[in-house]
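Worksheet: the structure to be examined is printed underneath.
Note that the structure is predicted; figures quoted are calculated from it, not measured.
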Amino acid sequence: DPPVDAATADAADLPLPDGSADLIVSFMTLQSVDDLDGAIADAARVLQTGGRLVAAIVHPMNTAATADSYFAEQHLPYVHERDGVRIVLHDMHRPLSAYFTALAKAGFVTEVVKEPIPGPDLLELRPDADRWTRTPCFLHFRATKRS
């Protein structure tokens with residue numbers, strides 16, 4: 001509330017005009033796209049010069065735990081069930097360099113990289129999150145489109 005305009009589209013072919021945005025937020029999506037380079041390049045196309053891409057992804061150290069190799073891209077489908085609802089998630093393991101190379105190729109400068117650590121409030125609610133105090137679960141970054 002209030003309602004927002006929403007569209008379904010391919011991340012590598014956004015239905016937006018060139019230079020029409022000053023901010024793109026990608027929350028838990030880039031690890032799931034087939035065409036990472038295309039998605040990052042199209043984000044750059046849509047952003048104005050000086051516009052920012054802010055993203056959160058599953059950390060590659062997390063996905064590497066089930067991948068054959070940290071350094072190779074690998075499709076990692078997995079089943080998630082909650083409250084009787086079963087879904088299959090289709091993620092990709094990619095090394096860190098894949099994300100930051102795609103950003104640089106598309107004309108982005110990476111400004112901030114964070115690996116959040118669960119705090120006491122979350123740990124009280126979810127004691128199993130303690131493992132993420134030793135190895136990263138998520139990666140957050142902010143990048144700016146150069147002129």
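More than 12 heavy atoms of other shown residues, nucleotides or ligands fall within 6.0 angstrom of atom CG in Asp10. Counting non-hydrogen atoms of neighbouring residues, nucleotides and ligands closer than 6.0 angstrom, the CZ atom of Phe138 reaches no more than 12 such neighbours. The environment of CD in Glu81 is crowded: more than 12 heavy-atom neighbours from other residues, nucleotides or ligands sit within 6.0 Å.
In summary, the side chains of His93 and Glu73 do not present any donor paired with an acceptor at a separation below 3.5 Å, with no hydrogens or angles considered. Between the side chains of Ser26 and Thr29, at least one donor N or O lies within less than 3.5 Å of an accepting N or O.
What you find for Asp35 and Gly38 is that their closest heavy atoms are OD1-N, 2.8 Å. Heavy atoms only, all atoms of each residue included: Gly19 and Gln48 are closest at O-CG, 3.1 Å. When every heavy atom of Ala11 is checked against every heavy atom of Val33, the shortest pair comes out as CB-CG1, 4.0 Å. Closest approach of Ala106 and Ala41 over heavy atoms only: CB-CA, 3.9 Å. In plain terms, the two heavy atoms of Asn62 and Pro136 that are nearest each other are CB-O, 3.9 Å. The heavy-atom pair separating Asp34 from Arg94 by the smallest distance is O-NH2, 3.4 Å.
In terms of modelled atom types and a separation under 3.5 Å, the side chain of Thr101 and the main chain of Ser97 share a donor-acceptor contact. At distances below 3.5 Å, not a single donor-acceptor pair connects side-chain atoms of Lys145 with backbone N or O atoms of Gly50. Counting only distance, with no hydrogens or angles, the side chain of Asp22 and the backbone of Gly51 share no donor-acceptor pair below 3.5 Å. Under a 3.5 Å cut-off, the side chain of Arg45 and the backbone N or O of Leu14 do form a donor-acceptor pair.
At least one side-chain heavy atom of His140 sits less than 4.5 Å from a side-chain heavy atom of Pro116. With contacts defined as side-chain heavy-atom distances shorter than 4.5 Å, the pair Thr133/Leu123 qualifies. The shortest side-chain heavy-atom distance between Val88 and Tyr78 does not fall under the 4.5 Å cut-off. For the pair Cys137 and His59, the minimum side-chain heavy-atom distance is 4.5 Å or more. Side chains of Leu139 and Val113 form a contact here, defined as non-hydrogen atoms less than 4.5 Å apart. Residues Arg126 and Asp130 form no side-chain contact, since every pair of their non-hydrogen atoms from C-beta on lies 4.5 Å or further apart.
There is a path of hydrophobic side-chain contacts, each under 4.5 Å, that joins Leu30 to Val46. The hydrophobic clustering, which links ILVMFWY residues whose side-chain heavy atoms are closer than 4.5 Å, places Ile40 and Ile57 together. Leu103 and Val54 fall into different hydrophobic clusters, where Ile, Leu, Val, Met, Phe, Trp and Tyr are joined by side-chain heavy atoms under 4.5 Å apart, directly or via other members.
Taking a cutoff of 4.0 Å between a charged side-chain nitrogen and a carboxylate oxygen, Lys105 and Asp37 qualify as a salt bridge.
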Full working for side-chain contact (heavy atoms from CB on, under 4.5 Å) between Val79 and Arg86: CA-CA 7 Å; Val79 175; Arg86 182 179 183 270; 3.4 Å; yes
Evaluate side-chain contact (heavy atoms from CB on, under 4.5 Å) for Leu96 paired with Tyr70, printing each intermediate quantity in order. CA-CA 9 Å; Leu96 280 172; Tyr70 174 82; 3.6 Å; yes
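Using the six-membered ring where Trp is involved, Tyr99 and Phe141 have ring planes that are tilted, between 30° and 60° apart.
A distance of 7.0 Å separates CD of Gln74 from OG1 of Thr66, quoted to the nearest 0.5 Å. Note: Gln31 CD to Met28 CE = 4.5 Å, rounded to the nearest 0.5 Å.
The side chain to side chain contact (heavy atoms under 4.5 Å, CB included) test with Leu53 is passed by exactly one of Thr144, Ile24, Leu23, Val25: Ile24.
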